[in-house]
Amino acid sequence: MNKVSFFQSIRLKIIVILSLFILLAIQVIGTYFGQKLEENLVKTHQSNVEDRLQVLVNNLDDAFKKERSEDEEEQTLQEEVRDITETYSSDIFSELQVIDSQFRVLGSNSFDMVGKKISGNSSIRLALVHGQEDDDVRRNGRDRVYVRTLPITDEGVAVGAIYSEASLEGVYDQLQDINEIFVNGTILAVVISIIIGILVARTITKPITEMRKQAMGMARGDFSKKVNVYGQDEIGQLATTFNDMNDRLKLANQTTEEERRKLSSVLSNMSDGVIATDEKGNITLMNDPAAHLIGVTLYEVKGQPIKDILQIENKVVDVKELEEVGTLTIDFSDDEQLFLIKANFSIVQDEEGNFMGLITVISDVTEQEKVDRERKEFVSNVSHELRTPLTTMRSYLEALTDGGAWEDKELAPQFLQVTQNETERMIRLVNDLLQLSKMDHKESAMYKKRIDIIPVFNHILDRFEMNKTELIHVERKIPDERIFVWVDQDKITQVIDNIMSNAIKYSPEGGKITFQVVKEPHRLRISISDQGLGIAREKVDKIFERFYRVDKARSRELGGTGLGLAISREIIEAHHGHIWASSKEGKGTTIYFTLPLRKRKRGSRK
């Protein structure tokens with residue numbers, strides 16, 4: 001197990017979580033505090049502005065209501081408004097204007113505005129026309145200002161208005177200073193929380209780290225160490241429980257290891273498959289040879305009944321009966337392949353003799369069964385093939401000796417001719433068997449050489465056309481070129497003789513045999529087709545088996561041994577070629593075989 005880095009450890013997570021909690025709390029408090037402080041400071045500032053404006057309104061209200069004579073020494077309204085404005089204007093107002101009902105500025109803290117008319121200010125228009133107050137916070141460039149507009153009324157009619165702007169930047173500068181103090185406090189609190197988190201995390205993670213190291217040692221089989229107990233809290237109780245578990249695992253591991261060694265020793269010295277079950281017959285253990293034989297893994301069949309896995313549920317009802325059965329040969333064959341398994345059963349009992357399980361040893365006996373079947377079939381076929389000519393010969397010889405037929409000058413030669421034919425047939429059969437036996441034991445030598453195969457094909461076909469007596473036409477589809485192959489000429493001639501002889505035997509009079517040669521990449525494909533009765537699809541692949549005949553009566557009548565195609569297959573395979581057949585009932589049969597083309601050597605001109 002890899003070492004856990006600090007950035008992946010629980011210690012960092014505790015520190016981060018604790019710091020985030022404190023930071024979150026401070027941020028929530030700070031946000032709430034900042035919002036409330038901003039509201040209070042703005043309200044206080046606005047209240048100060050309002051107080052100043054109320055004093056100014058009261059004085060201006062008297063000035064606007066005062067009756068004035070035409071005495072030149074008496075102050076005009078504009079002069080009195082200007083004096084009041086100068087008196088009550090202060091630094092709190094960035095702009096202060098007193099406007100009469102004609103939208104003309106009577107007084108202002110900016111002297112260049114006095115006497116001018118203001119028509120585009122909506123708040124002033126509302127105050128003069130409708131007598132409505134207005135207040136708002138606006139941006140004046142980068143500065144925020146509090147704008148306040150108040151009407152001056154006389155018996156409910158607006159005779160003037162006060163327009164003021166008071167800067168709020170002082171308030172927000174004060175807020176910024178407070179926020180900076182708060183941020184510094186937050187940083188200090190986070191640093192302290194990290195230090196405290198490190199100390200707290202260390203007290204929590206230290207015993208956990210020790211338990212982790214001990215768990216890694218236990219995984220390696222080291223149960224000698226103990227975890228330190230630092231207290232009686234939950235972590236301390238966990239450490240105590242961990243030590244108890246360590247002691248129990250140590251004892252259990254020793255017992256298990258002892259049993260494992262015994263079982264491993266038994267299984268490692270067996271080449272056959274072994275399957276173990278519990279008392280219910282469910283599989284608990286299986287070695288690799290057994291898994292290979294039945295084609296499943298232990299993971300797939302663990303806990304399943306052995307009767308179902310070995311497909312013997314129809315042979316036994318209870319797994320205890322398998323001890324009496326002892327040995328079973330189980331057929332796992334399918335339509336394409338023969339597969340037989342031999343299973344030997346023995347039960348496992350406890351000290352009191354109770355049934356505790358089953359041990360099954362399985363082995364593959366397919367090849368042994370094939371050999372036995374082939375031996376029996378071979379003996380049967382040879383016996384059958386020899387019995388027929390021997391029986392015929394004995395009958396004719398008895399007729400010659402006992403019946404006096406040897407004195408008959410007409411019958412005697414015929415009987416002797418029959419015995420001679422049967423003798424030659426037995427000789428051919430024995431010779432074919434000897435040839436197959438030599439080829440099976442790799443004793444038949446191949447004398448391969450590089451030859452132009454096309455003249456060989458033509459020579460063989462010429463010979464058949466000269467010797468055939470049936471009215472059968474041989475059609476040649478042979479390319480007019482030189483094709484060199486590396487073969488044993490005599491053996492290839494024997495293959496073509498066997499195939500052509502069968503084609504002639506099974507072709508009707510007036511039929512046609514087609515001999516075709518096709519040059520393909522890296523090989524030469526030869527096909528011989530007849531127009532005979534054909535072969536059923538399920539029997540086509542069997543014609544290359546020994547002693548197999550499609551029409552047994554006709555084959556024996558024509559003197560066939562049933563080994564020609566089997567010998568041909570052995571010869572072609574010895575040349576690293578391939579032979580096969582295709583046929584349709586009633587439309588004839590085609591035998592194909594291939595020969596590898598000799599690769600041209602680099603630099604050769606031939």
Side-chain angles (χ1 to χ4, degrees), residues 381 385 388-389 420-436 439 444 453 456-478 487-517 526-535 539-575 577 579-583 587-595:
N381 288 332
E385 293 296 333
T388 300
Q420 183 179 358
N421 292 338
E422 294 299 326
T423 301
E424 291 176 354
R425 178 181 170 188
M426 285 190 294
I427 291 173
R428 288 197 303 271
L429 176 61
V430 172
N431 288 335
D432 289 344
L433 289 173
L434 288 175
Q435 184 176 0
L436 281 174
M439 298 185 74
S444 179
I453 196 66
V456 175
F457 290 154
N458 287 318
H459 175 73
I460 297 172
L461 296 178
D462 292 341
R463 176 164 48 83
F464 270 99
E465 287 185 339
M466 291 177 60
N467 296 330
K468 67 182 177 67
T469 57
E470 296 84 353
L471 298 176
I472 298 173
H473 173 64
V474 178
E475 181 181 3
R476 306 186 192 189
K477 294 183 179 180
I478 302 175
V487 295
D488 185 329
Q489 183 174 341
D490 292 338
K491 293 294 191 294
I492 295 301
T493 300
Q494 184 179 1
V495 170
I496 297 176
D497 284 346
N498 291 337
I499 299 174
M500 287 293 297
S501 297
N502 286 335
I504 292 173
K505 290 177 185 177
Y506 293 101
S507 292
E509 291 188 3
K512 180 178 67 173
I513 297 175
T514 303
F515 187 97
Q516 184 176 15
V517 178
I526 300 95
S527 62
I528 301 174
S529 305
D530 61 45
Q531 295 178 338
L533 297 177
I535 308 169
K539 297 180 180 180
V540 171
D541 293 335
K542 296 182 180 181
I543 63 175
F544 298 100
E545 296 179 2
R546 299 174 185 185
F547 295 110
Y548 182 82
R549 295 184 176 92
V550 178
D551 187 347
K552 296 182 179 181
R554 185 174 182 184
S555 179
R556 288 197 180 95
E557 180 182 350
L558 296 173
T561 63
L563 297 174
L565 291 180
I567 293 173
S568 299
R569 181 180 64 179
E570 297 291 340
I571 294 173
I572 294 300
E573 290 179 353
H575 282 80
I579 187 170
W580 70 99
S582 65
S583 180
K587 294 186 178 181
T589 303
T590 302
I591 304 294
Y592 300 89
F593 68 90
T594 62
L595 294 173

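This chain uses plain numbering: 1 for the first residue, then up along the sequence.
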Q: Would Thr493 and His459 count as a side chain to side chain contact (heavy atoms under 4.5 Å, CB included) if you check the C-alpha gap in whole Å, the side-chain angles of each, and the deciding distance to 0.1 Å?
A: CA-CA 10 Å; Thr493 300; His459 175 73; over 6 Å; no
Q: Is there a side-chain contact between Arg476 and Glu465 (heavy atoms, below 4.5 Å)?
A: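 Yes, their side chains come closer than 4.5 Å.
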Q: Could you work out, with side chain to side chain contact (heavy atoms under 4.5 Å, CB included) as the rule, every residue matching Ser582, not counting sequence neighbours?
A: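 So Ser582 forms a side chain to side chain contact (heavy atoms under 4.5 Å, CB included) with Thr590, Tyr592.
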Q: Nearest heavy-atom pair of Asp488 and His575: which atoms, and what distance?
A: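 So the two residues come closest at N-NE2, 3.0 Å.
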Q: Kindly compute the distance separating CD (Gln489) from CD1 (Ile492), expressed to the nearest 0.5 Å.
A: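 So the gap between those two atoms works out to 9.5 Å.
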Q: Going from CZ on Phe464 to CD1 on Ile504, what distance comes out if it is rounded to the nearest 0.5 angstrom?
A: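 Answer for the CZ-CD1 pair, Phe464 versus Ile504, is 5.0 Å.
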Q: Are any non-hydrogen side-chain atoms of Ile526 and Phe457 less than 4.5 angstrom apart?
A: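 With C-beta onward as the side chain, the pair touches.
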Q: Measure the spacing between CD1 of Ile591 and CD1 of Ile543 and express it to the nearest 0.5 Å.
A: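 With rounding to 0.5 Å, CD1 (Ile591) is 4.0 Å from CD1 (Ile543).
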Q: Go through it in stages, so that I can follow the logic: the residues are Trp580 and Ile572, the test is side chain to side chain contact (heavy atoms under 4.5 Å, CB included), and I'd like the CA-CA distance, side-chain angles, deciding distance and then a yes or no.
A: CA-CA 10 Å; Trp580 70 99; Ile572 294 300; over 6 Å; no
Q: Ser583: what forms a side chain to side chain donor-acceptor pair (under 3.5 Å) with it, not counting sequence neighbours?
A: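 With neighbours one apart ignored, the set is Thr589.
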Q: Can you list everything that forms a salt bridge (Lys or Arg N to Asp or Glu O under 4.0 Å) with Lys512? Sequence neighbours excluded, please.
A: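 Testing Lys512 for salt bridge (Lys or Arg N to Asp or Glu O under 4.0 Å), a comparison that skips the adjacent residues, returns Glu475.
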Q: Can you sort out the partners of Gln516 under side chain to side chain donor-acceptor pair (under 3.5 Å), two or more places apart, ordered by chain and number?
A: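 Listed in chain order: nothing, the list is empty.
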Q: When rounded to the nearest 0.5 angstrom, what is the spacing between CG in Asn498 and CD1 in Ile571?
A: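 One gets 7.0 Å once the value is rounded to the nearest 0.5 Å.
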Q: I need the minimum non-hydrogen distance between Pro508 and Gln531, along with the two atoms involved.
A: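 Nearest pair, atom of Pro508 first, then Gln531: CD-O, 3.4 Å.
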Q: Tell me the closest heavy-atom pair linking Ile472 and Ser507, and the distance in Å.
A: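 Ile472 and Ser507 have their closest heavy atoms at CD1-CB, 3.9 Å.
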Q: I'd like to check Arg463 versus Asp497 (side-chain heavy atoms, cut-off strictly below 4.5 Å). Are they in contact?
A: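 A side-chain contact exists here, since the closest heavy-atom pair is under 4.5 Å.
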Q: Taking the side chain as C-beta and beyond, is there a heavy-atom pair between Asn458 and Phe515 under 4.5 Å?
A: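 Not touching, per the 4.5 Å side-chain cut-off.
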Q: Hey, does Val487 have a side-chain heavy atom less than 4.5 Å from the side chain of Val456?
A: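 In short, these two side chains do not touch, never coming nearer than 4.5 Å.
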Q: Out of curiosity, Lys477 NZ to Thr514 OG1, how far, rounded to the nearest 0.5 Å?
A: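 That separation rounds to 5.5 Å.
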Q: What distance separates Ile499 CD1 from Ile528 CD1, expressed to the nearest 0.5 Å?
A: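 Here the rounded value is 4.5 Å.
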Q: Going through the distances and angles, do Phe593 and Ile496 end up as a side chain to side chain contact (heavy atoms under 4.5 Å, CB included)?
A: CA-CA 10 Å; Phe593 68 90; Ile496 297 176; 4.1 Å; yes
